[in-house]
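Bear in mind the structure is a predicted one, so any value in this text is a computation, not a measurement. For ligands, and for the atoms within them, numbers begin at 1 and follow the listed sequence.
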Amino acid sequence: MPFTRLGLSPALVHAAREHGFLAPTPIQTAAIPLVLQGRDVRAQAQTGSGKTAAFALPLLQRVQQAARAGEKPRRLRALVLVPTRELAAQVGATLRDICEHIAEPLKIVVAVGGVSINPQMLRLRGGADIVVATPGRLLDLVDHNALKLADVATLVLDEADRLLDLGFADELDRILALLPATRQNLCFSATFPPAVQKLTDALLHDPARIDIEPEAARAAQIAQRAIEVDPTRRTALLRQLILENGWRQVLVFVASKNAADNLADKLYRAGIDAAPFHGELSQGRREQVLADFKAARWQVVVATDVAARGIDIAQLPVVVNYDLPRSPTDYVHRIGRTGRAGEAGVAISFVSAATEAHFRLIEKRQQQRVPRERIAGFEPLDTAPASVSDPDGTGGIKGKRKSKKDKLREAAGKT
Ligand code: AMP
């Protein structure tokens, strides 16, 4: 189905084409007509499937229509909330790029924390048509009287489940209280875990539900590998994999900011161009690292989950879970950084005896078993957990298992 059949104006179809979007993706085909009708929408579609344009194109059209209908221009008509600064920049850039190709350009402002508020306040002088923001900075701007939310006709929550979970609860409540009660609400994500179901139900009014493809099917498109390795050998294994496979761009996920710094440092000292990426870096540094990584100037970026949502790196070939993610939902988003827009991708997870049970939970949720592999020279010395086999007879209780030294002694005794 071509874009023209979805109800978009010829000008926007032209703009989409100029932007490189010749035909709509399935999520765009499903969502665009509904958004244009003014419906509330809860849309679930795979990572990298074109969700941004699915709301961006009809949003631009609706804001344009409001401006043409004689409404005062630059009254903030649409608010797009996103959980990370990088995603805000990316969504803002998509909106602006499309806008460049339409006759009556709209004013789009990106508002994120971690950088001075003053330039954003200046940008907002005289109003804006669409604001793309992270929740905290949006509230700061409201507190500074730099913008008002009273005219927002459409609210978009991109990565909605992340915005609706506990970390953003207070900020989101405050924002919702500032918005007009009657408005269009759009929730987009690749995942809607059961915990946020009630919250989406409460937010959305008679929503149209779009489920493009179960995330499990998408995950199946990404080649998933699980390598058994003891925690202490992971850095050496990662280095070997990078060198052996000649990977030019690898996104490695770890559990903490410290771990990101340490691992990037170790790799760097081992001759691999690696940089850390996490929430404690300055915003300027974060942007630089991401831009350099996208331009393939960094070979490896070692990141926390701040990089797991939404970020679009074209043709990123490999994602590595050096530390496993906390939840199956995070796993979906992390591995979704590769294999985007139909490209091939590989996601590798390091699994140890201690994390085997957790990885099985992840497999169960996505209904896919990932065969365990061992790499010569990196075979784990720790035994498998109790539920697979319980050679120690300890029931897998921590502290009761044989230590690595014990096992080495045993092995040496046998030979
Ligand atoms: P998103 O899921 O919005 O992050 O999009 C994933 C990737 O698909 C981005 O690189 C987009 O530029 C690209 N994309 C989105 N929609 C289309 C389309 N209709 N045709 C071609 N590429 C698209």
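With respect to Asp323 and Arg334, no salt bridge is recorded, no charged nitrogen being found less than 4.0 Å from a carboxylate O. In summary, Asp265 and Arg269 engage in a salt bridge, as defined by a charged side-chain N under 4.0 Å from a carboxylate O. Taking 4.0 Å as the cut-off between side-chain N and carboxylate O, Arg365 and Asp330 do not count as a salt-bridged pair. Arg96 and Glu100 are not joined by a salt bridge, as no carboxylate oxygen comes within less than 4.0 angstrom of a charged side-chain nitrogen.
When each atom of ligand 1 is checked for a heavy atom of Lys51 under 4.0 Å away, the hits are 1 (P), 2 (O), 3 (O).
Of all protein heavy atoms, the one closest to atom 10 (O) of ligand 1 is Asp312 OD2, 2.6 Å. The protein non-hydrogen atom at the shortest distance from atom 16 (N) of ligand 1 is Gln28 NE2, 2.8 Å. With respect to atom 4 (O) of ligand 1, the closest heavy atom belonging to the protein is Arg340 NH2, 2.9 Å. Remark: minimum distance from atom 14 (N) of ligand 1 to any protein heavy atom is reached at Phe21 CE2, 3.5 Å. Nearest protein neighbour of atom 2 (O) of ligand 1, counting heavy atoms only, is Gly50 N, 2.8 Å. If you check which protein heavy atom lies closest to atom 8 (O) of ligand 1, you get Ala341 CB, 3.6 Å.
With a 4.0 Å cut-off on non-hydrogen atoms, Thr52 touches ligand 1 through its backbone as well as its side chain. The backbone of Ala23, and not its side chain, has at least one atom closer than 4.0 Å to an atom of ligand 1 (non-hydrogen atoms only; backbone = N, CA, C, O). Of the heavy atoms in Ser49, only backbone atoms (N, CA, C, O) come closer than 4.0 Å to ligand 1.
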Please step through ring pair (Phe, Tyr, Trp, His ring centres under 6.0 Å) for the pair Phe3 and Phe21, ending with a clear verdict. CA-CA 9 Å; Phe3 270 119; Phe21 297 170; 7.2 Å; no

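Taking each heavy atom of Ile108 and Cys99 in turn, the nearest pair found is CD1-SG, 3.7 Å.
Proximity annotation for atom 6 (C) of ligand 1: of Gly336, Ala56, Gly48, Gly48 comes nearest, heavy atoms only.
Looking only at atom types and distance, the side chain of Gln197 has a donor-acceptor partner in the side chain of Arg42 under 3.5 Å away.
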